[in-house]
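Here is the structure we will look at, set down as C-alpha cells.
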Amino acid sequence: MGKQIRVRFAPSPTGALHIGGARTAYFNWLFARQQKGTFVLRIDDTDRARSTEASYQQILDSLRWLGIGWDEGPDVGGTFGPYRQSERIDVYRTYLEQLKATDHIYPCFCTAEQLQAEREEAQRKGRAPRYSGRCRHIPREEADRRIEAGEAHVYRLRVSEAGETTVRDLIRGDVVFQNSEIDDFIIWKADGTPTYHFASCVDDAAMEISHVIRAEEHLSNTPRHVALFQAFGVEVPLFAHVPMILAPDRSKLSKRHGATSVSEYREAGILPEALVNYLLLLGFSPGEDKEIVSRDEAVQLFQLDRVTKHAAIYDVKKLEWLNAHYFRSQSPDAVVAKLWPTWVESGYVRADEVDRSTIAWIRTVTEFVLSRSRNWTDVMDGVRPYFAKVNTYDAKGVQKQFSGQDVPHRLRLVADRLQTVAPFTTVVIERAFRELIEELQVKGGELIHPTRLALTGMTVGPGLFDVMALLGREASVQRLNAAADLIERGELVNLQK
RNA sequence: GGCCCCAUGGUCAAGCGGUUAAGACACCGCCCUUUCACGGCGGUAACGCGGGUUCGAAUCCCGCUGGGGUCACCA
C-alpha cells in the first residue's frame, strides 16, 4: 500500500544468460515499469570459483540487447550498492553479527564428512536427510572456547520445529510448509563466506526488495528464506515463482537441445523484439487473441497473477514465426545498413560507394527481397543474384524448367526481345514479354519459370519483371544466353545445387 | 524416498459451474498469383484416470497416475 515497488533480477555470472533467465528478467522489468517501481540488477557471484568476468559482461550485454534496462545495478550504481555480492561481504558480516546477537544462529562444528555420512544413513533408512541438530544445544561458553581454539565451524539458523511457514506467492497463492520439514540450514560457511541463501536474503532485505520474482526452482527453498527474513526482523517480501521453460522432451533445457542462451539466438539472427515477444507468450496470455505484443504494450497488459502455473515447452517454430513478422517490418534502409559490411566483404558492394543511383538500386533490391524473407539468411540468399554472377542453378528447377526441347531457343528469344525494350522498366518489360508469350502461343508459366531460373538460378523470388528491371537489360540478356549455352552444351549438370 | 508445485490439441494458451471447448504456431487442403513469401478461407487435432459435490462439471473436493522442482559448507 503506497510502498515502493522494488524488484530485482539476480543472475550468477557462471554462464550465458539463459532464455529462462531472460524471461524472468523480462517479467521483473515489466512489473517494475508497470508499477512505476524500481528494477534492480544484482550479480549473485558468491561462488567465486565458477563466476567469470566474461559471463558477467555477456549477461549485461544480453539484457541490454533485449531492451531490458535496469535502474540500479553494478554499472550504473544506486543508493543500495554495491550490486555485486562479491563486494558486499561487509554487509553480510553485519547481518551475521546481528543474528549472533539475537541468538538466531549458532555455530556448528560438525565436519562435512560427518554430515555426509548422516545423510547417507538417513537415505538408507528412507528418512528425510535433515541436520540432526547436534550442535544446537552446545553451551555458549563451550562454543566460544572451541571457536577461540580455532576449531572449524559454520553457522546455522535456528528454525523452530513447531508450526508452519506460509509463502505468499502471487502466481500460486499461499503455499504452506510444515516447519518440521525445514532443518537448521547453514548460512555461513567455514571459510568465512555466506551461503547463497543467506547472501540472497540479506541483499533482498538490505535493498528493500518488495517482490521477489524468480524461477520456480526456488519455491521449495522459500520457507528457509522466509525464516531468514523473520530472523532479520524485516518485512517478508511477496513472491512470484514463474514456471520453468522445458525442452521439447519435457526435460530441463540444456545444450543438447540446441540454442538455449540469448546470445545464441542473437547470433542466429533472431531479433530482440521477437525473442522478448516470444518469451512473454511463453507463460502469459495478453488476451484478446493478441500474439504480437511490443514491450510497451506488454508493460500495459502484463499481470503477474495471470502468469501460468505450469512449465512451458519452448517451440522454436513459433519464435521463428514471430521473428519473421518483426523481420519483414524492418525498414529496407536498416537492413542495408546492417548487411553493408558483409556485402563489402563479399564483394557485392564497394565500401566507399556513394553513387546515388547505385545506392537507390541496392535499397530497392533489398526491399523486394526483404518482403519475402524470414531472417538474415533469407536476405543474403535472395540478394545474391543481383550482386554476383549466377554460377549455380536450383537442381529441382533445372529438372523441371530446363528439360524441354526448345527451352534454350526460347531463352534466346526472350533475350532478343529484351534488346528492344525501352525504357527498361517493369511495365514495359512485362508488355514485351506478354507479347512474346502470345506469339509463341505458350502458357505464361512455360516462359516465365525458365526465364527466372536462367536469370537468378533460383525458382523463388520477386516478380519476374521486377527481377529483370533490377538486373538491367545487359545482365538479363547475358544471363539468358549463358543459360541457353549451358543447357545446349549439357554443362548444367555440374552447376546444380 | 520426504516435502512442494503443476496437469486443456504436437506446442503456446483462453476458459474461473451451463460455451458448438477460443485464438496462435506447426501440419493439410483451397483461393490470390508468373514462382516464393505475405494475405484470405477451410480442415485434422485437447479437457490424463477414477471417485465424489451439484439439476448440471474442463471449471469445486478427494484419490491415483504422470511431469517438474527441492532436500549441499553450488548458486
Side-chain angles (χ1 to χ4, degrees), chain A residues 10-14 44-47 49-51 85 108 110-112 115-116 119 122-130 152-156 167 169 171-172 175-178 180-183 185-191 193-197 199-200 215-224 241 243-244 246 248 250-252 278 281-292 308-322 324-325 328 369 371-374 378 382 397 401 430 433 437 443-449 451-453 458-465 467:
Chain A
S12 17
T14 54
D44 281 14
D45 58 351
T46 50
D47 187 346
R50 289 200 301 152
S51 297
Q85 294 194 324
C108 171
C110 300
T111 63
L115 297 169
Q116 180 66 25
R119 256 198 303 280
Q123 289 275 354
R124 217 174 315 119
K125 290 184 178 169
R127 286 203 319 266
R130 260 190 300 271
H153 64 286
V154 301
Y155 282 96
R156 289 180 183 272
V167 173
D169 189 294
I171 295 175
R172 284 149 220 285
V175 183
V176 181
F177 295 82
Q178 294 305 311
S180 55
E181 293 294 330
I182 312 165
D183 64 359
F185 59 99
I186 296 170
I187 61 149
W188 199 266
K189 300 188 253 184
D191 64 1
T193 63
T195 61
Y196 160 76
H197 295 299
S200 176
E216 186 185 356
E217 54 186 325
H218 293 288
L219 181 55
S220 296
N221 284 323
T222 307
R224 296 167 205 279
H241 288 95
M244 319 214 57
L246 265 28
R250 298 205 69 81
S251 68
K252 206 167 177 176
Y278 179 66
L281 259 30
L282 209 56
F284 180 76
S285 174
E288 292 169 31
D289 297 341
K290 284 181 80 73
E291 302 286 336
I292 305 294
T308 54
K309 297 179 174 75
H310 56 273
I313 294 171
Y314 89 118
D315 175 28
V316 197
K317 284 285 200 296
K318 188 151 183 174
L319 207 209
E320 285 169 351
W321 171 76
L322 277 165
H325 169 84
R328 280 190 301 269
V369 173
S371 69
R372 28 182 58 78
S373 296
R374 294 172 67 91
D378 285 353
Q401 310 300 348
E430 174 157 15
F433 198 94
I437 289 172
K443 280 198 272 186
E446 286 182 68
L447 204 54
I448 288 170
H449 300 317
T451 301
R452 177 196 310 285
L453 186 59
M458 306 193 298
T459 58
V460 301
L464 180 64
F465 310 113
V467 171

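Here is the naming used below: chain letters follow the sequence lines, and residue numbers restart at 1 for every chain. The figures that follow rest on heavy atoms only: side chains count, while hydrogens, waters and symmetry mates do not.
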Task: From A:E216, A:E217, A:H310, residue fulfilling side chain to side chain contact (heavy atoms under 4.5 Å, CB included) relative to A:P243 - done: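 Between A:P243 and the candidates, side chain to side chain contact (heavy atoms under 4.5 Å, CB included) is satisfied uniquely by A:E216.
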Just compare [options] and give me whichever is closest to any side-chain atom of [X].
X      : options                : value
A:S220 : B:rC73, B:rC12, B:rG69 : B:rG69
A:I186 : B:rA72, B:rA14, B:rA22 : B:rA72
A:R452 : B:rA26, B:rC3, B:rU34  : B:rU34
A:D315 : B:rG10, B:rG69, B:rU34 : B:rG10

Under 4.0 Å, counting only non-hydrogen atoms across every strand here, what does [X] touch: a base, just sugar-phosphate, or nothing?
X      : value
A:G283 : sugar-phosphate
A:K443 : nothing
A:Y314 : nothing
A:H197 : base
A:A312 : sugar-phosphate
A:T308 : sugar-phosphate

Open item on the list: Strictly by Watson-Crick or wobble contacts shorter than 3.5 Å, is anything paired with B:rA22, and which nucleotide is it?
Closed with: none
Open item on the list: Does a side-chain N or O of A:H310 approach OP1 or OP2 of B:rA13 to a distance below 4.0 Å, or not?
Closed with: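 Yes, within the criterion.
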Task: Residue-phosphate contact under 4.0 Å: A:K309 side-chain N/O, B:rG68 OP1/OP2 - done: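 No, outside the criterion.
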[N] and [M]: how far apart are their [atom1] atoms, nearest whole angstrom?
N      : M      : atom1 : answer
B:rA46 : B:rC12 : P     : 16 Å
B:rU19 : B:rA57 : P     : 11 Å
B:rA24 : B:rG15 : C1'   : 16 Å
B:rC41 : B:rC32 : P     : 15 Å
B:rG17 : B:rU70 : P     : 34 Å
B:rC47 : B:rA7  : C1'   : 10 Å
B:rG69 : B:rC61 : C1'   : 25 Å
B:rU44 : B:rC5  : P     : 39 Å

Return the value, rounded to whole Å, for the distance between atom [atom1] of [X] and atom [atom2] of [N].
X      : N      : atom1 : atom2 : value
A:K252 : B:rA75 : NZ    : C1'   : 11 Å
A:Y278 : B:rU11 : OH    : P     : 12 Å
A:L453 : B:rU34 : CG    : C1'   : 14 Å
A:E181 : B:rG69 : CD    : C1'   : 15 Å

Within the sub-3.5 Å range, which N or O atoms of nucleotides 36-42 of chain B have a protein N or O partner, and how far apart are they?
unit_1 : atom_1 : unit_2 : atom_2 : d
B:rC36 : O2     : A:R372 : NE     : 2.8
B:rC36 : N3     : A:R372 : NE     : 3.2
B:rC36 : N3     : A:R372 : NH2    : 3.0
B:rC36 : N4     : A:R372 : NH2    : 3.4

